[in-house]
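To start, the structure itself, in structure tokens.
Each chain gets a letter, A, B and so on, in the order its sequence line appears, and its residues count up from 1.
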Amino acid sequence: MKTNNMLLAALLLLPASLFAAQSTIPPVTDLQTTAGVVVVIDPAHGGGDRGVNVKGINEKDITLKAAKYLKAGMEKAGKDVTVILTRNADTTVSPEDRVGRANNHRADIYISIHCDYSVNESDSGFRLCYYGGEKIFGGKPQQAVEWSTVPLYHLDESVKLAGFVERYLTATLIPESNSVDGGDKNDTLPLGKRSPLALAHLSLAGTDMPAVVIELGNMNNRDDMNYLRDDRMLSRIMYHIKEGLVRYLKEGL
Amino acid sequence: MENNRKDRKAGNGFIYSLIAVVVFAAAYYVVTGTGVLNPNERTISSAMSAYKLYSEGEKKNTVVLFFGDAVSGGYRPVKAEIYSSKLPVNRIKQTLLLLTAGPSAADCRQFLPEGTALKEAYLDPNNILYVDLSTEFASNCRGGTTSEYYAVYSIVNTVMLNFPAVRGVRILVDGAEKKSLAGHIMLESILKPDTDSGDVNI
Ligand SMILES: [Zn+2]
């Protein structure tokens, strides 16, 4: 079990070590593939399920807006990229239908976007989650035995994907030369980073591809909440995530 | 006649002052928080009477309760004492009652949603512990992966790291299985302790 943990930690650190020598990262360009790439983005909650609610602001509205920013960014990344949202409006969609759609389209990656709530108001920053850990069968066996545990087949890749997203959320990014609203300044997000969680997450159950949950921030923290409700900041956050995803896809294809 | 009226007046005055004293005393009782209306006191006293119910004699054992750390946001293991009992499930019930009563230190956080109470706990023949919690465990959960995660694993860790004979935990809400608290952490399977994240050494 301990060896397993160390392997996971090493995998998570791998992308970080790849960029350790760089203080800034240039934009990832030209995502060209022979077979095409399918990315499924899941704006969590929706309809009757508003998600976290703090002072009248609903998680479901922020996740939908964030997912649309990410979709627009991914579609510009390459002509072979197909992006599917699990919901386009404020509608109720079950977790099974969301994941089923991704599996039917043989998606290359699955990104579920949430906004977090922690009882600690001082807890701040984004957080990555992937399906796995000692909590599922005590870490063993590593093979899937039922539908919900299919993501265990892709555990190593999901950990790697989480590592790339983390790396790009914390990096200083050099803007694209033709950037519309990024200006010409290098961009570092003011978001903190919280440790990733390996767990049995309902948003990831059944995903038959590398899949992660991205918690954009803690809605119980005043700073995080101010970032999440600011459209310009949300769009910057999603740009960093888009760069991480494109870099992951480029490395893997 | 004159005297009778005077007596009646004097009698009324006594009753009025008696009412005033009673009203004043009742108001004082409520305002100072020493009365039965103090909700915290009611919670703790009911937890403590149930806590005694599952004990035998005065011999005690130390257990560790998994509360939250107000600074790190992760677990804060806190030592507590339960009474000895021959039946393991009675020791577990005492421990869970102490967990649901919440921490006393100001820099500790309760991960369980407000009002969460233990309804019942029982061990099946395979040593899987079924923990039945009140509806508040789900209805007062604010959602969010982190809050659900720590709410669930503060229970699983408290049980399994203190009682190694327990092989897994199933959480029920008001006697029924639930998919998740609010759409994040899956509750439908047998849960194992969270030893991946943070300070869980006891
Ligand atoms: Zn959520």
message: Can you confirm whether more than 12 heavy atoms, excluding those of B:Lys179, are under 6.0 Å from its NZ atom?
response: yes

- prompt: Could you state the interatomic distance from CG (A:Leu197) to OH (B:Tyr150), rounded to the nearest 0.5 Å?
  reply: 6.0 Å

field: Region of A:Asn53 that comes under 4.5 Å of a non-hydrogen atom in chain B
entry: backbone

statement: Answer key: most heavy-atom pairs under 4.5 Å with chain B among A:Asp49, A:Asp116, A:Asn218 is A:Asp116

message: Only heavy atoms, only distances under 4.5 angstrom. Which residues in residues 137-146 of chain B are near chain A?
response: B:Arg142, B:Gly143, B:Gly144, B:Thr145, B:Thr146

- request: Could you pull out the closest heavy-atom pair between A:Ser122 and B:Ala70, with the gap in Å?
  value: OG-O, 3.4 Å

- prompt: Counting heavy atoms not belonging to A:Arg101, are there more than 12 under 6.0 Å from its CZ?
  reply: yes

task: Check whether more than 12 heavy atoms from other residues, nucleotides or ligands sit under 6.0 Å from atom CZ of B:Arg170, and answer yes or no.
output: yes

query: Looking at residues at least two apart in the chain, or sitting in another chain, which of them share a ring pair (Phe, Tyr, Trp, His ring centres under 6.0 Å) with A:His240?
result: none

message: Just to be sure I understand the criterion: a residue of residues 111-135 of chain B counts if one of its heavy atoms is under 4.5 Å from a heavy atom of chain A. Which ones qualify?
response: B:Phe111

- request: Sort B:Val71 into side chain, backbone, both or neither according to what part of it lies under 4.5 angstrom from a heavy atom of chain A.
  value: backbone

Which atoms of A:His201 approach chain B - backbone, side chain, both or neither, heavy atom under 4.5 Å: both

message: Minimum heavy-atom separation for A:Asn120 and B:Asp69, please, with both atom names.
response: ND2-O, 2.9 Å

message: I'd like to know which of A:Leu202, A:Val54, A:Val52, A:Leu199 tops the heavy-atom pair count under 4.5 Å against chain B.
response: A:Leu202

- prompt: Which distance, rounded to the nearest 0.5 Å, do you find between the CZ of A:Arg127 and the OH of B:Tyr149?
  reply: 8.0 Å

message: Can you list everything that forms a side-chain contact (heavy atoms from CB on, under 4.5 Å) with A:Ala200? Sequence neighbours excluded, please.
response: A:Tyr131, A:Ile136, B:Met186

